[in-house]
Amino acid sequence: MISRISYCATDQKGKIVDIDGGIGALENIKTTGLEIGDLVTIQGRKNGKGKISVLKNDQEILVGYELASKILIDCNEQTLTTLDKIKVGDAVKVKKMGAHGDIRFRLLDMGLVKGVELKVVRVAPLGDPIEIIINGFHLSLRLQEAENIDVEIVRIHKSNGNGKKRWGLF
Amino acid sequence: MNNNQISVALAGNPNAGKTSLFNKLVGANQKVGNFPGVTVEKYEGYIKHRGYQIKIIDLPGTYSLTTYSPEEIITREYLIDQEPDVVINVVDTTNLERNLYLTTQLIDIQANLIVAMNMYDEVESQKTEIDIDQLEKLIGTHFIPTSAVNGKGIQDILDHIVDLYAGNIVIKKNKLSFSAAMEEYIERLSEILSTDVELSKKYHTRWLAIKLLVNDKDVYKLVKDNPIWIKINDVLTEALHGIQKEFDSDPELMLKEERHALIRGAIKETVTYAPKKKKTSTEIIDSILINRITGLPLFMFFMWSIFQLTFTLGDTPMEWIQYFFDWLGSAASIVITEPTSRSIVVDGIIAGVGGVVVFLPNIMILFFALSFLEGTGYMARAAFVIDKIMHKFGLHGKSFIPMVTGFGCSVPAFMATRTLKNRSDRITTLLIIPFMSCSAKFPVYVLIAGTFFSTSEAGNILFGIYLLGIFIALITARLLKSAFFHGESEPFVMELPPYRMPSFRILLLQMWQKASLYLRKAGTIILAASILIWIASNYPISSEINSKYEQTRSDVTSSQKYNDEEKAKIISNLELQESGEQLEYSFAGRFGKFIEPIVAPLGFDWKLGIALVAGIAAKEIVVSTMGTLYSLGEVDETSQDLRNKLLTNPNYNKAVAIALMVFVLLYIPCFAASIVFHREAGKWKWTLFYVTYTMTVAWIMAFITYNIANIFLF
């Protein structure tokens, strides 16, 4: 199961298989001491918000969140995370609707039920809300709402890797 | 009851092409109103078919039949209480999966249901194949392919309505079967419910049972008040516990999931999609219109264009209207010779009607543009692009357009809040629009700033005034959210519909409907109010003042000291002085004097008090009233005489000038706008709050600026 380090749960193990980014990202990752082929254990974010702690041969390496989202990792188990963390282009399956109140029913009515597959299409120019495609139609929701939707990773969309940014296009 | 009358309701998701189909069905034979008590528009149309008179109601677009939005409540209440003879569920065939969800709920209420598979032309061109026969069997109702674009299926629908009504066809009352566990509980509850004669007569017990299981507030209340509740309660509790224990889920979630599963199954069995094109045209357009770099500038450009269109393009016809009413006024003053009735007709009625009609170009252009944005699908994108900023202040992305429109005129801005579906979002937006400085306030700023400040200072002060307005608006939004609408979550779950070209005919029709709604509802009250204001500023007439001036005038006329030219000049000056004194004597003038102690802490004298009171009729009037009070006759904001009078008045200084501008910026919008506000807010409570709040904020802010300016400017 290919996933991104930024999606991984604490104690999830895997092997780094690829870098989703340009030459710059590759260089940056090298300076942290991580390389393609490394076996690593993810230890979660420092203080909940900081860098991601990665264990390689019992040695702790700290990776910035943005950079961690560019490191593709092959895990033997399903990666579970929340919808707000998903990068543009990646496809996920709804695992659990954690939202409460009106928003819960609205999302359920719109078809965000357990098991449905969706893809993040775009992030708004100011970084919030996001746009997803589900059952063939486009839906936008705020990150604070996406935060309550548990998802499992289905497919990672790797960008061209030639260093060109993808300005929200997919 | 007339047996040739058939009532039909159109129900469906937003963006399913309901409005287009409705227009195709009834043509121009329709009228728009409001559902009682809410500002949700109600479209009603009539058509004759095979000797039957068919009345079609276009219900608001909804995704579901729960009760989370006014649209849903209206749709549900209408379908259950009014029991239309036939319900047509309009679905977007290019997106069956989501659209059929509502269909499953319509089946639950056992409506006499036909499904119009709208936008079928798009499906055909996409080469998607649908086994309609099989779909009908699985879902259990009739499906008719339609297209509002080429008119396909319109006759079919009408035939079906008549045949269903006349009993030529019978749709067997189907039910969606949920899982065995769920069905068992539904069955048991339904059985108990059917023993209650009254309930089972009015409602379908299966629907009641389902709604009880999903903990629907309204149905719960309905059943709880019945003696049957004792029996129901036990089974219901058992069901809730049973499902929780067995499936680790609640019935509501389970039923929703099962509905989606049912639909997914039906679609899998009946729809064959052609291999998807690499990118749809919508995806291509979106990759330009809302991408990370160009999204925001393009959004700004579109908003700017709407504003420019509304107020620049609208300017010319506004002038024509003004000229027309001026002409009408002068024509009337020639025809009517008796002074009082002349004044009533010219200054009261004609000026009043003119004041209402003059907003029409703005309203029509703005609503044409808004319908266009809504119809193409860009409106949702606009909200998507700007939502982050708006959300910070407790507003919705869609609040942006009414707010920007407020810089032009509050009347169309208030009306534009109709695009907001959520009540708290709408009320909040309505309440902050007054602080977006409207264009009628501009002449006041120009006069005051131009009189008391140098040109370069005046520019900065004008800019500061506008910024202050925006600042107060945003603060207000936050305050309102935390004070009144706390915890009322406004989910931003918004469909971004495919781009479509709206029909020009429908755009024109919607524009006209908005305009006539304004004329009919707001116009009449505004007219009455302008006449009242006219009376207040003209009555009572003091005969004492009048005779005093009459005396002086006749003295001048008979005097030998002046030649004729000089006499005319003096007399017209005297007339101006008289009108100034008469205004002071009138109700409005007395009121202005009466409130002098209230405005005195702001540095205002009674003349400013009167001018501000008169400004409630229309903001431009503040300037002309000051002209009257200073006996200057016709003045405008660039009038040098008025500026000199103001500058030489020892009561006025820079601090008063700033305080006055702040007050004019923030205090209650003109009467026309306030009437429209009341209509859109719908409750006296909010209108009262709106009056008090704008007045209080204006006073406090003017007081603060007056005192601060006094410290720093002297």
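Labels below follow one simple rule: chain letters A, B, ... track the order of the sequence lines, proteins then strands, and each chain is numbered from 1.
- With a 4.5 Å cut-off on side-chain heavy atoms, B:His391 and A:Leu126 do not count as touching.
- Sparse packing is recorded around CZ of B:Arg478, with 12 or fewer heavy atoms of other residues, nucleotides or ligands lying under 6.0 Å away.
- Between B:Glu97 and A:Phe137 the shortest side-chain heavy-atom distance does not fall below 4.5 Å.
- Chain B forms more heavy-atom pairs under 4.5 Å with one residue of A:Leu112, A:Leu141, A:Leu139 than with any other, namely A:Leu139.
- Of the residues considered (B:Ile263, B:Leu253, B:Ile267), B:Leu253 shows the highest number of contacts with chain A, using heavy-atom pairs under 4.5 Å.
- Side-chain contact between B:Arg98 and A:Asn135: absent, with no pair of heavy atoms (C-beta onward) separated by less than 4.5 Å.
- Within the model, atoms CE of B:Met494 and CZ of A:Arg106 stand 13.0 Å from one another, a figure rounded to the nearest 0.5 Å.
- Between chain B and the options A:Met97, A:Gln144, A:Lys114, A:Met110, the largest number of non-hydrogen pairs under 4.5 Å is found for A:Met110.
- For the atom pair NE2 of A:His138 and OG1 of B:Thr280, the computed distance is 5.5 Å after rounding to the nearest 0.5 Å.
- The backbone N or O of B:Phe492 lies less than 3.5 Å from a partner atom in the side chain of A:Glu145, making a donor-acceptor pair.
- In this structure, no portion of B:Glu258 lies under 4.5 Å from any heavy atom of chain A.
- Nearest heavy atom pair, residue A:Pro125 against residue B:Asn291, reads CG-O, 3.8 Å.
- The parts of B:Asp286 that come within reach of chain A are both its backbone and its side chain, each placing non-hydrogen atoms under 4.5 angstrom from that chain.
- Heavy-atom neighbours of A:Glu77 CD from other residues, nucleotides or ligands within 6.0 Å: above the threshold of 12.
- Other residues, nucleotides and ligands contribute at most 12 non-hydrogen atoms within 6.0 Å of the CD atom of A:Gln59.
- Across all non-hydrogen atoms, the minimal contact from B:Asp387 to A:Pro129 is CB-CD, 4.0 Å.
- Applying the 6.0 Å contact sphere to NZ of A:Lys95 captures no more than 12 heavy atoms from other residues, nucleotides or ligands.
- Salt bridge status for B:Arg381 with A:Glu131: absent, with no side-chain N to carboxylate O gap under 4.0 Å.
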Could you walk me through whether B:Arg264 and A:Val113 pass side-chain contact (heavy atoms from CB on, under 4.5 Å), step by step? CA-CA 12 Å; B:Arg264 218 176 298 163; A:Val113 289; 3.6 Å; yes

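- Top candidate by heavy-atom pairs under 4.5 Å with chain B, chosen from A:Asp109, A:Asp128, A:Ile133, is A:Asp109.
- Closest approach of B:His260 to A:Leu108, counting heavy atoms only: NE2-O, 2.8 Å.
- By number of non-hydrogen pairs under 4.5 angstrom with chain B, the leading residue of A:Gly111, A:Gly127, A:Gly136, A:Gly115 is A:Gly111.
- Heavy-atom distances place no part of A:Ile134 under 4.5 Å from chain B, backbone and side chain included.
- If you measure heavy-atom distances from B:Phe384 to chain A, the contacts under 4.5 Å come from both the backbone and the side chain.
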